[in-house]
Amino acid sequence: QRAYTLKVQGFLKRHALAVRKFQSTFPMYIPLRCQLTQDSRAKTHDLEETVCNFLESKEAKSLLLLGDSGAGKSTFLERFCFRDYDMGQEEEVQASKGGGGAELKESKTVQGKWQPGQPIPLFVPLPKLKKPLEEAVEEVLREGFSEEEIKELKKHERFHLFFDAYDELNEWESVYAKNSLESWKVEKMVVTCRAEHVNQRSESYEEYFQTRDAGRRPERGVCCQQMYVSPVLRKEIKEYVGAYVVQRRKNAKAEPLDEGWGSQEKYWKEVEAIPMLLGVMRTPLTLNLGLEVLRQVVKACKGSGVHGEKR
């Protein structure tokens with residue numbers, strides 16, 4: 001056990017607690033699925049299981065996770081990075097007796113599982129950094145370590161790096177090469193990016209997300225895996241509606257409920273009455289936004305005499 005071991009454990013616990021506190025404000029966490037292509041008919045897989053398999057695989061060292069804006073890439077990646085941390089005794093509870101979703105609970109205790117010898121998971125929010133293409137890893141570590149300790153970590157520890165929101169940099173550069181990650185012990189690297197960002201590029205983009213050798217060339221024989229975040233399923237949309245209603249009830253004192261809008265059945269009935277709405281609410285972001293404006297849309301439609309599919 002090295003001198004900085006306890007600091008690493010404390011550093012990870014603080015970040016895990018901050019993630020849980022922030023995500024506890026969501027009505028619920030939607031477990032994401034992924035697929036190999038953007039084809040709507042493509043077979044989907046559990047995203048968390050897929051990334052876990054990637055971390056255990058010996059074939060790929062980097063994973064590019066693509067998805068639409070608001071698809072939940074950042075929320076997933078941050079949550080996954082600290083998945084080995086127990087966030088309290090009641091991590092998830094049923095949002096309603098009818099099985100409407102799973103609500104995240106804020107916890108004041110965090111029990112960490114990282115031990116010396118294991119790769120250190122590090123969440124790197126690229127657009128929030130001052131030098132994301134120079135010293136991204138160092139910048140994140142400076143939140144809890146001295147420069148001397150960072151040198152020791154670089155020399156002795158292995159890392160799993162989770163780079164978020166590459167597209168927001170608006171630059172086509174290799175995160176691995178520009179940050180000189182060949183001088184770190186990087187076992188695995190996950191990068192999230194909007195699918196639109198790579199689709200707009202006429203040239204090949206895979207090399208920007210590959211690990212590099214000592215000469216900063218793409219490593220031979222090491223592939224870069226790629227997955228797309230799948231649209232939210234109808235079943236999960238319905239569960240989210242239930243969790244959303246539960247949260248609205250809890251906040252009723254600060255924001256009184258509109259008459260008749262206190263049940264999951266009411267929201268779901270109105271969602272189904274607008275066929276196009278279900279088609280739009282296929283990401284966590286658009287799902288939440290759709291529910292936020294649903295009451296106003298229904299009220300406006302009824303006021304103008306518009307009903308059913310005409311909405």
Side-chain angles (χ1 to χ4, degrees), residues 16 19-20 22-57 60 62-85 87 91-95 99-105 121 123-126 160-168 188-199 209 224-244 247 278-291:
V19 170
R20 170 55 54 146
F22 173 68
Q23 294 194 7
S24 68
T25 63
F26 303 167
M28 68 171 276
Y29 171 74
I30 301 176
L32 298 180
R33 298 188 67 77
C34 62
Q35 54 199 65
L36 284 170
T37 70
Q38 287 184 289
D39 190 332
S40 60
R41 298 165 296 179
K43 183 179 179 180
T44 66
H45 310 269
D46 180 83
L47 180 56
E48 181 169 345
E49 183 179 331
T50 298
V51 180
C52 282
N53 290 338
F54 157 73
L55 293 182
E56 296 172 2
S57 168
S62 59
L63 169 64
L64 174 59
L65 184 58
L66 299 165
D68 294 334
S69 178
K73 303 181 297 298
S74 298
T75 298
F76 166 80
L77 195 67
E78 200 165 27
R79 183 183 175 90
F80 182 87
C81 180
F82 301 105
R83 72 195 182 285
D84 288 336
Y85 281 76
M87 302 300 180
E91 185 166 341
E92 291 185 349
V93 296
Q94 285 301 308
E103 174 196 2
L104 293 179
K105 277 203 161 187
F123 180 77
V124 185
L126 291 171
H160 284 168
L161 301 179
F162 300 90
F163 291 104
D164 187 44
Y166 174 86
D167 55 281
E168 293 185 32
K188 296 284 183 173
M189 176 177 79
V190 180
V191 185
T192 66
C193 181
R194 280 189 302 113
E196 180 186 10
H197 189 66
V198 299
N199 290 341
F209 305 100
C224 173
Q225 192 173 337
Q226 178 175 298
M227 298 298 291
Y228 291 87
V229 176
S230 306
V232 178
L233 300 174
R234 181 186 178 92
K235 175 180 72 74
E236 291 162 346
I237 294 175
K238 195 167 186 177
E239 289 179 352
Y240 190 92
V241 171
Y244 178 85
Q247 187 181 66
L278 273 175
V280 172
M281 297 195 306
R282 302 304 300 277
T283 71
L285 177 62
T286 56
L287 174 51
N288 191 72
L289 291 175
L291 293 177

Problem - CD on Q226 to OG on S62, rounded to 0.5 Å - result: 10.5 Å
Handout entry: M227 and L63, any side-chain heavy atoms less than 4.5 Å apart
Key = yes
Handout entry: Heavy-atom donor-acceptor pair, Q23 side chain to T75 backbone, under 3.5 Å
Key = yes
Handout entry: Backbone N/O of V191 and side chain of K73: donor-acceptor pair under 3.5 Å
Key = no
Completion exercise
Of all heavy-atom pairs linking F209 and C224, the shortest is O-SG, 3.7 Å
Handout entry: Separation between OG of S69 and NE2 of H197, rounded to the nearest 0.5 Å
Key = 13.0 Å
Practice task
Identify the heavy atoms of C193 and V198 that sit nearest to each other, and give their distance.
Solution key: SG-CG1, 4.1 Å
Practice task
Work out which heavy atom in D46 is nearest to a heavy atom in E49; give both atom names and the distance.
Solution key: OD2-N, 2.8 Å
Practice task
For residues E236 and P31, report the shortest heavy-atom separation together with the two atoms involved.
Solution key: OE2-O, 3.4 Å
Handout entry: F76 vs V229 side-chain heavy atoms within contact, under 4.5 Å
Key = no
Exercise for the section: With the side chain counted from C-beta on, respond yes when T286 and D68 share a heavy-atom pair under 4.5 Å apart, and no when they do not. Expected result: no
Problem - F80/L32 under side-chain contact (heavy atoms from CB on, under 4.5 Å): CA gap, chis, key distance, verdict - result: CA-CA 11 Å; F80 182 87; L32 298 180; over 6 Å; no
Practice task
Look at the side chain of D167 and the backbone N and O of R194, then say whether any donor-acceptor pair between them is shorter than 3.5 Å.
Solution key: yes
Handout entry: Main-chain N/O of P284 paired to N288 side chain as donor or acceptor, under 3.5 Å
Key = no
Practice task
Please check if the side chain of K188 supplies one atom and the backbone of S57 the other of a donor-acceptor pair under 3.5 Å.
Solution key: yes
Practice task
To the nearest 0.5 angstrom, please state how far the CG atom of L161 sits from the SG atom of C81.
Solution key: 9.0 Å
Handout entry: Under 3.5 Å donor-acceptor, Q247 side chain and T25 backbone
Key = yes
Handout entry: side-chain contact (heavy atoms from CB on, under 4.5 Å) assessment of R234 paired with L278
Key = CA-CA 8 Å; R234 181 186 178 92; L278 273 175; 3.3 Å; yes
Fill in the blank from the handout: CZ (F22) and CD (E78) are apart, to the nearest 0.5 Å, by 7.5 Å
Exercise for the section: Without swapping roles, check the side chain of T44 against the backbone of Q35 for a donor-acceptor pair under 3.5 Å. Expected result: no
Problem - Under 3.5 Å: donor-acceptor pair, side chain of T192, backbone of S74 - result: no
Problem - From CG (L36) to NE2 (H45), nearest 0.5 Å - result: 5.5 Å
Problem - Atom pair CD (Q225) and CG (L65), whose distance is rounded to the nearest 0.5 Å - result: 10.5 Å
Exercise for the section: Would you name the heavy atoms of L291 and Y244 that are closest together and state the gap between them? Expected result: O-OH, 3.5 Å
Exercise for the section: Look at the side chain of R33 and the backbone N and O of L47, then say whether any donor-acceptor pair between them is shorter than 3.5 Å. Expected result: no
Exercise for the section: Hey, can you tell me if F162 and H160 have their rings parallel, tilted or perpendicular (30° and 60° cut-offs)? Expected result: perpendicular
